[in-house]
Amino acid sequence: MSIIFNEQERSFTLSNGRISYVMQLFLEGYLGHLYFGRTLKHFNIKRAFYQTEREGAPNPELHADARTFSLDVLPQEYAIYGSGDYRIPALEATLSNGTTTLDLRYKSHEIFAGKKPLQGLPASFVNADSEADTLEITMQEVGGELEVVLSYTIFNDLDVIARSARIKNVGNGNVYLRKAASLSLDLPSTDFDRVSMYGKHAFERNVERVPLGHGIAIDSSTRGATSHQHQNFLALCEHNADEFHGEVYACGLVWSGNFEAATEVSPYGNTRMVMGINGFDFKWELKPSDSFTTPEALLVFTQDGFNGMSQNFHGFVQKHLVRGEHRDALRPVLVNSWEAAYMDFNEDSIVNFAKDAVKLGAELIVLDDGWFGVRDKDNCSLGDWTILNAKKLPNGLKGLADRIHALGSKFGLWVEPEMVSPDSELFRAHPDWALGVPNHVRSQQRNQYVLDLSRQEVRDYVVDAICKVLGSADIDYVKWDMNRNLTDIGSATLPASQQQEVATRFVLGTYDIMERITKAFPHILFESCAGGGRRFDLGMIYYMPQVWTSDNTDEVCRQRIQYGTSYVFPPITMGCHVSACPNHQVGRSTPMLSRFVCAMSGNFGYEMDLGKLSPEEQEEVKGHIALYKELRPTIQKGKFFRLMSPFEGTKNETSWQFVSQDGSEVIFMYFKNECLPQGNIRKVRLTALDPNATYKVTKHLFTPSLAVNALDYLSNYNLEGDVFGGDELMEFGLNMDKVDRDFAAHLLVFKRQ
Ligand code: GLA
């Protein structure tokens, strides 16, 4: 058993042989946090907490140690407000008498094998009870109105601890939660860098690293979704941690709505991390006997730097979060109609588009937006899913799907179920089905409103309509989009006391419809999307095994977007497509090969009309698709390592690497965007190879040099057939000195000999 309660010490230890997490009950049942880190064989917990009198730190009454014990200093497991701790709390509530002071004490605990699901929420799971153990500690609020069950699951195979909290009203009056975080974690150090991600539409998940200073730092979303601007991920690392070395504590939230990721550095040498649903504009009514379950937070600890962190997240996502038959299946090469045709298409034009793509090796043709209602522009018809656009699809979806299948390809479709256009039959019939606030004109984004998915009848309509569509033709794939943030957050049916629940209920409603629709169509491969990467989060991945990473398909921007995304998500989850040049988002033109090397580093496809390419380009694309299919098992199922960050160093180069499950194949990618004169020496060191083995280069593709000066022997040097030592590649590295053009890329495939 990896969870032990030591009765004498009143301590809990969770351990999987590599990491340990230790807690202790203090005085009359305060739950303190003692340790999270590498597994300890021995731990004299008597000396674990430095207890001393501190001026200004309140002491609980009725205790001999009174003046040396304060919640303001105690490292805690689930911090509360009002009884002595002035740091950011995990839980805030207004009790039935209107007061807000909370005081949580231990009541009982339970340890069991496996893990329970979280009602109505996405959450990690075990495939067999032997994969994890769970500890549930029940804390009681001393006033007698609330009970809080803190849940901890430690996994045997990966260094992840899953935490969540369930808050129950055990009193007789209404209690209002003002904040209910998934976790708080107090670490006994302040020497950390804080690593988070920021972004915007078409430029998501930029990695930012800053030294942690005193006081509070918060990253949060109030947009109703995880958002393009923020990512519900936070890491604290040692100042000298890098991709390969150093301690990293990381947390990802299995949630897709408003969130808060906060840190507070105390003057006494502690750092607190709190993560969960955003307490801003949140109020949840708990009637007697009601419970509220927080989303789950995944905690990772590693001493192997950021790649070590990502190995844990990647393995965990694939094994304990992604569900369904597509989890372990290789994903098809898809070609999507969006940038090729936008909404200007008909059955014949899509069939022609498909013919060209299938000829070059495409396996899945996706019809994007514009196929339903009267939608020729983005200003109408969302919600009218069952109204066929007979002008574009005279034979319905079935007619088109059958023709695509006859070409030997799978067929996929775009939908945006959470939204409604003001100009739609649905909105005209049910104007109160959109989120809205009395006496306010709703704001629009992309000419659309958000459906009030807190309402059962609205959810039932959406499930029914989408299921009708998906059942009307042979559909193999669905791209589920969500193209705006929430505003005017009000529901026509909830009472005033519950209006601040709506943003959270919208996300829970989305989860409900996703659960029902994906369950009804288990064979369909679902890809989530939200204007690109607005909702690339651990919540979505539970329902849909892949995500459209960003609307930006420019190869240079994509290096950063994919690099940041890979902190938490494995490449098999990332939709990455080659698109036409000049690029539709930034106007840049980059070589086809560079676009391919970047897009093939994930779940590969095209976002363009391949029929418009020259015969030479088509041959090139055909070769790329064939090569991707050959390398796909390593890319989709192997291990991924980042080697050079576009956010650090020259910020002009990026490199990463894949290693197949059995270690026999290694795929190396290197990008250099801007060519500068007299380039520096550049050695890129690979990782995770066998130092005793040799590796032969079986493929070397690179953008040819454009320099007139041919004196440079490395510029056009093909390494195919060359043999390198595993130790050589890891210690000396690969020489990438000379690049004589902008937007250069190298792809090397090694086979272990
Ligand atoms: C969003 C998606 C795009 C495309 C359009 C269609 O922006 O991210 O890929 O599907 O919607 O309207």
Side-chain angles (χ1 to χ4, degrees), residues 199-205 223-229 256 334-345 350 353 364-385 389 392-393 411-424 444-451 466 469 475 477-486 510 525-537 540 544 546-554 557-558 561-562 565 573-580 583-586 599 602-609:
K200 48 191 165 185
H201 175 243
F203 212 21
E204 301 89 341
R205 288 172 295 285
R223 293 164 198 264
T226 304
S227 82
H228 293 109
Q229 287 74 8
S256 312
L334 79 82
V335 179
N336 179 298
S337 68
W338 181 241
E339 288 193 12
Y342 293 102
M343 296 189 202
D344 185 13
F345 58 81
I350 292 296
F353 164 80
L364 164 64
I365 302 300
V366 179
L367 176 59
D368 211 282
D369 195 355
W371 55 266
F372 50 91
V374 288
R375 193 158 165 96
D376 291 327
K377 284 194 184 147
D378 66 12
N379 61 359
C380 67
S381 299
L382 292 173
D384 296 344
W385 303 108
N389 188 325
K392 289 182 183 172
L393 301 179
F411 174 67
L413 194 66
W414 178 97
V415 292
E416 193 179 359
E418 298 151 74
M419 300 290 153
V420 62
S421 304
D423 181 7
S424 66
Q444 299 186 10
Q445 274 175 45
R446 212 189 190 217
N447 302 307
Q448 62 196 58
Y449 298 146
V450 182
L451 283 174
I466 298 293
V469 169
I475 291 169
Y477 160 104
V478 164
K479 177 177 174 186
W480 180 306
D481 212 338
M482 188 268 197
N483 273 313
R484 65 161 288 182
N485 296 317
L486 273 54
T510 299
L525 170 62
F526 283 87
E527 173 157 340
S528 83
C529 169
R534 171 189 280 117
R535 233 173 24 182
F536 203 143
D537 57 54
M540 281 296 128
M544 305 188 183
Q546 56 191 62
V547 189
W548 179 226
T549 312
S550 175
D551 275 351
N552 190 343
T553 46
D554 168 60
C557 295
R558 272 296 186 125
I561 296 167
Q562 291 171 208
T565 306
T573 62
M574 290 186 218
C576 304
H577 301 172
V578 170
S579 60
N583 176 270
H584 291 204
Q585 289 77 37
V586 296
N603 210 325
F604 180 58
Y606 288 84
E607 197 87 5
M608 64 196 289
D609 190 342

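Whatever order the structure lists them in is the order used to number ligands and atoms, beginning at 1. Because only heavy atoms are used, hydrogens play no part in the values below, and waters and symmetry mates are left out as well, while side chains stay in.
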A.B. asks: K479 near ligand 1, heavy-atom distance under 4.0 Å?
C.D. replies: yes
A.B. asks: I want to check something: taking the side chain as every heavy atom from C-beta on, are W371 and I350 in contact at a cut-off of under 4.5 Å?
C.D. replies: no
A.B. asks: Judged on heavy-atom distance to atom 2 (C) of ligand 1, which of D481, D369, N336, T553 sits nearest?
C.D. replies: D481
A.B. asks: Number the atoms of ligand 1 from 1 as they appear, then name those within less than 4.0 Å of a heavy atom of C529, with their elements.
C.D. replies: 2 (C), 8 (O)
A.B. asks: Any salt bridge linking R375 with D384? Criterion: basic side-chain nitrogen under 4.0 Å from a carboxylate oxygen.
C.D. replies: no
A.B. asks: With heavy atoms under 4.0 Å as the rule, classify the contact between R446 and ligand 1 as side chain, backbone, both or neither.
C.D. replies: side chain
A.B. asks: Would you say ligand 1 has an N or O under 3.5 Å from any N or O of N483?
C.D. replies: yes
A.B. asks: Hey, which atoms in ligand 1 end up nearer than 4.0 Å to a heavy atom of W548?
C.D. replies: 8 (O), 9 (O)
A.B. asks: I'd like to know if the side chain of S337 pairs up with that of D368 as donor and acceptor (distance under 3.5 Å, no hydrogens or angles considered).
C.D. replies: no
A.B. asks: Should M343 be counted as touching ligand 1, given the test is an N or O pair under 3.5 Å?
C.D. replies: no
A.B. asks: Using only heavy-atom distances, determine whether the side chains of D554 and N552 contain a donor-acceptor pair under 3.5 Å.
C.D. replies: no
A.B. asks: State, without any angle test, whether T565 and R205 hold a side-chain donor-acceptor pair at a distance under 3.5 Å.
C.D. replies: yes
A.B. asks: For atom 3 (C) of ligand 1, find the nearest protein heavy atom and state the residue, atom name and distance (0.1 Å precision).
C.D. replies: D551 OD1, 3.4 Å
A.B. asks: State whether the shortest distance between N or O atoms of E607 and N or O atoms of ligand 1 falls below 3.5 angstrom.
C.D. replies: no
A.B. asks: Closest non-hydrogen protein atom to atom 4 (C) of ligand 1, residue and atom name please, with distance?
C.D. replies: D368 OD1, 3.4 Å
A.B. asks: For R375 and ligand 1, does the shortest N/O to N/O distance drop below 3.5 Å?
C.D. replies: no
A.B. asks: Applying side chain to side chain contact (heavy atoms under 4.5 Å, CB included) between R484 and each of M419, E416, R446, report the one that passes.
C.D. replies: M419
A.B. asks: Are the side chains of Y449 and Q444 in contact, using a 4.5 Å heavy-atom criterion?
C.D. replies: yes
A.B. asks: Classify the ring geometry of H228 against H201: parallel below 30°, tilted from 30° to 60°, perpendicular beyond 60°.
C.D. replies: perpendicular
A.B. asks: Should D378 be listed as contacting ligand 1, given a heavy-atom distance under 4.0 Å as the test?
C.D. replies: no
A.B. asks: Under 6.0 Å from the ring centre and within 45 degrees of the ring axis: does the NZ or CZ of R534 meet both conditions for the six-membered ring of W480?
C.D. replies: no
A.B. asks: In terms of atom number and element, which parts of ligand 1 are under 4.0 angstrom from non-hydrogen atoms of G532?
C.D. replies: 8 (O)
